[in-house]
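Reminder, nothing fancy here: chain letters follow the sequence lines and each chain counts from 1. Just so it is clear, the values below take in all heavy atoms, side chains as well, and ignore hydrogens, waters and symmetry mates.
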Amino acid sequence: MEKKIKDLLVDQSDQFFGTKIEEKSVQFQLTRKEFEGDLTLVVFPFVKLLKLSPVDVANKIGQFLQENFTEIESFNVVQGFLNISLSSDYWKKTLQNIDSNNTYGREQLDSKATILVEYSSPNTNKPLHLGHLRNNFLGYSVAEILKANGHKVIKTQIINDRGIHICKSMLAWERFSPLNVNGERETPENTGLKGDKLVGKYYVVFDQEFNKEAKEIIAKWEENSFDGFSSQVVEQYQKFVSAKAGKDEKVQADLDAKIKDLAKNETSVLRDAKEMLVKWEARDPQTYLLWSTMNGWVYDGFKSTYEAMGVNFDRLYYESETYLLGKDLVSEGLSKGVFFKKEDGSVWVDLTADGMDEKLLLRGDGTAVYMTQDLGTALDRKKDYPDLEGVVYTVGNEQDYHFKVLFLVLKKLGYDWADKCFHLSYGMVDLPSGKMKSREGTVVDADDLMAEVVQSAKEMTSERGHLEGMSIEQKELLFKQIGMGGLKYYLLKVDPKKRMLFNPDESIELTGNTGPFIQYAHARINSLLAKAGGINEFNNALLGQEEKELIKVLAQYPSVIQEAGNTYSPALVANYCYELVKSFNHFYQSVPMLIEEDINVRDLRLVISRNVSKVIVDSLSLLGIDSPQKM
RNA sequence: GGCUGCGUGGCGCAACUGUAUAGCGCAUCAGAUUUCGGCUCUGAGGGUUGGGGGUUAGAAUCCCUCCGCGGUCACCA
């Protein structure tokens with residue numbers, strides 16, 4: 001309807017306004033509930049054109065529109081706002097259209113360009129945590145929303161399966177894992193630990209050894225024993241120490257940190273890890289075997305975590321496979337003169353002209369860095385999907401700079417499709433106790449958290465739910481649906497780019513703006529419809545204010561999906577769904593349904609309920625949340 | 001310090017590309033319901049949208065500036 005009015009006004013603007021008007025100057029909003037009407041046109045933009053007062057302008061436009069559209073029943077003017085009331089027939093027809101459309105709100109499947117959505121992308125050296133949950137839910141949901149917008153979507157992740165971080169876990173395991181009676185080191189099988197947890201354990205072990213050794217080195221330095229260190233390092237150290245003299249605490253701490261970094265660089269464990277990386281890139285068989293074994297453990301562990309999260313992928317990329325392409329790109333850039341080489345053989349790109357720094361692309365020893373492999377991955381994808389019209393990278397906002405650089409470098413290499421890459425940057429998840437820090441053990445493990453919310457769902461539902469007649473399996477499924485629904489909704493209802501606070505208790509609340517509240521409303525409608533039996537015609541029903549309000553909310557759904565797609569924001573879908581449920585609860589409370597005597601009115605209300613239920617299910621599915629029939 | 005993001009009632013969050021009296025949940029208080037699920041609904045109190053300035057008929061929204069809180073500026077990923 002908005003579009004029809006807009007088209008008419010733009011079309012006839014020459015006669016009506018005496019000049020051509022732009023489409024965007026025709027602005028609509030929903031009429032506020034304290035005024036009468038369904039649709040409001042803001043007339044301020046036209047005041048100057050017609051040289052009349054806002055009220056007169058509104059009246060003139062109102063009359064003009066009413067003459068042209070039978071759907072418009074009446075209008076009223078408040079200041080510069082033209083409130084238009086649409087007829088009962090219009091609303092009933094709207095309801096009918098919604099009711100008869102099985103894919104209401106969605107564009108035709110695969111009717112639009114292909115978009116690749118990358119999310120999750122964990123490191124294979126430690127288990128997933130709360131932050132990953134936000135990432136996964138967000139990425140999955142954005143992919144679903146883009147699908148609903150008609151895009152062909154490929155869900156993907158790049159697995160960071162190579163790099164110095166992996167070598168650290170490998171080294172620590174090889175060196176520090178105790179041998180059992182059979183002379184074996186620890187494995188998931190002989191310890192019963194989840195593979196990702198076991199590997200993560202050794203990453204921590206590495207860090208501890210790393211720090212221990214660094215401390216020992218510093219202790220030596222402090223005793224002026226510099227045997228075995230290069231003169232450069234010693235010089236640096238002495239420079240830092242002399243700089244400390246007479247400075248305040250903060251500066252001193254800063255310098256201490258620098259000294260520590262210096263010492264860390266001199267540790268044997270780090271040197272060995274680096275050596276391991278060089279060996280790995282040279283495909284040393286033994287190193288490769290160790291690497292693939294430990295990665296295998298991690299994948300097994302991740303697999304069960306992904307299953308619990310309810311996310312999936314269409315295509316996986318491994319950095320171990322794309323980093324070589326990245327290296328090729330680097331040579332290509334070198335020969336094109338886009339990059340340059342430093343004396344030690346390392347390769348850089350100079351972005352100072354674009355207001356950024358010089359950025360390392362390849363280490364002096366020839367091994368790849370993060371950027372190298374990301375460049376390779378980007379190219380690889382474009383090769384696999386030549387018709388790609390967009391790439392969404394779901395990665396935390398601490399990497400904003402990285403992606404700015406990545407896209408820019410791609411452009412500099414002449415790949416114009418870099419413009420279609422989008423970094424879906426999201427904020428960190430904080431705990432009430434503050435920031436998550438792995439060193440302080442305040443990381444919330446994803447597996448633990450999911451188990452916990454499912455457990456709470458079990459407790460609450462067993463207490464108050466309607467579980468009679470359900471098998472054990474059905475109940476288990478239900479607890480999962482509720483627990484995960486609560487968790488997902490909690491993490492998705494907030495605008496992605498905002499840093500958010502995670503309160504474990506609130507996430508599984510059943511009242512207020514929560515997933516289970518919405519699921520509950522759906523279950524209730526479901527049982528209502530089951531009791532109602534058959535539904536017939538409602539054409540003769542009188543359309544009341546309550547009914548109309550709810551149809552209006554239903555009618556917004558398609559534009560919500562669109563907007564959510566344009567802005568990559570599941571939060572819009574979540575908030576809409578909540579609004580819908582609240583409107584329904586209000587409706588439910590204020591009008592009788594099953595005991596309504598007028599059969600037409602009864603059926604009208606039931607049809608509305610049926611479609612509310614349909615839209616709830618659909619919008620929750622866009623968030624990756626299930627809608628149980630009973631709970 | 002450079003770049004970048006954020007700042008909305010006690011707490012957690014909304015407000016589409018500027019627009020009518022800034023909404024919602026939690027918490028607090030007061031009420032409703034012989035109805036289909038009391039995990040529901042209605043109402044009240046609580047805000048000079050971090051401060052100041054500017055653009056506009058109109059600013060939480062755009063611009064400038066200051067303050068506060070993050071992130072980032074690694075031969076880590």
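- Looking at the side chain of Gln589(A), the nearest of the listed nucleotides A14(B), U40(B), C16(B) is U40(B).
- Closest approach to the Gln29(A) side chain among A20(B), A77(B), C39(B) is made by A20(B) (side chain taken as heavy atoms from C-beta onward).
- Among the atoms of the strands shown, none is found under 4.0 Å from any heavy atom of Glu596(A).
- Listed nucleotides C13(B), G71(B), A77(B) differ in distance to Asn160(A); the shortest reach to its side chain belongs to A77(B).
- Of the candidate nucleotides C36(B), U19(B), A20(B), U19(B) has the atom nearest to the side chain of Val42(A).
- In this structure, CG of Leu82(A) is placed 14 Å from C1' of U19(B), rounded to the nearest angstrom.
- With no hydrogens or angles considered, a side-chain donor-acceptor pair links Thr124(A) and Asn295(A) at under 3.5 Å.
- One atom, CG of Asp495(A), and another, C1' of G25(B), lie 17 Å apart when rounded to the nearest Å.
- For Lys274(A), the listed nucleotide lying nearest its side chain is C76(B); candidates were G37(B), G25(B), C76(B).
- Taking atom NE2 of residue His402(A) and atom P of nucleotide U4(B), one finds them 19 Å apart after rounding to whole Å.
- Ring-base stacking between Phe81(A) and A20(B) is satisfied, the centre separation being under 5.5 Å and the plane angle under 30°.
- Closest to the side chain of Tyr588(A), out of A77(B), C39(B), G37(B), is G37(B).
- Picking from G25(B), C73(B), C39(B) the nucleotide with the shortest atom distance to the side chain of Asp357(A) gives C73(B).
- Among the protein residues, Met500(A) comes within range of the sugar-phosphate backbone only, with heavy atoms under 4.0 Å from sugar or phosphate atoms but none that close to a base.
- Listed candidates were A20(B), G37(B), U40(B). Nearest to the side chain of Lys531(A) is G37(B).
- Stacking is found between Tyr520(A) and the pyrimidine-like six-membered ring of the C39(B) base under the 5.5 Å centre-distance and 30° plane-angle cut-offs.
- With hydrogens and angles left out, the side-chain atoms of Tyr489(A) and Asn513(A) include a donor and acceptor closer than 3.5 Å.
- Rounded to whole Å, atom C1' of A27(B) lies 13 Å from atom CG of Asn503(A).
- Ranked by how close their nearest RNA chain B nucleotide is to the 5' end, Lys493(A) and Thr40(A) are led by Lys493(A).
- Rounded to an integer number of Å, the gap from CD of Glu281(A) to P of A77(B) is 10 Å.
- Remark: P of C76(B) and OH of Tyr323(A) are 16 Å apart, rounded to the nearest angstrom.
- Within 4.0 Å (heavy atoms only), Asn83(A) reaches at least one base atom of the nucleic acid.
- A donor-acceptor pair under 3.5 Å links the side-chain atoms of Asn611(A) to the main chain of Val607(A), judged by distance alone.
- No side-chain donor-acceptor contact under 3.5 Å links Arg605(A) to the backbone of Phe587(A).
- The OH atom of Tyr489(A) sits 15 Å away from the P atom of C24(B) (whole-angstrom rounding).
- Checking Asn76(A) against Glu36(A) by side-chain atom types alone, no donor-acceptor pair falls below 3.5 Å.
- Per the geometry, CD1 belonging to Ile595(A) stands 4 Å off C1' belonging to U35(B), to the nearest Å.
- Across all strands shown, Leu572(A) has heavy atoms under 4.0 Å from sugar-phosphate atoms exclusively, and none from any base.
- Of the candidate nucleotides C41(B), A20(B), G37(B), C41(B) has the atom nearest to the side chain of Asn585(A).
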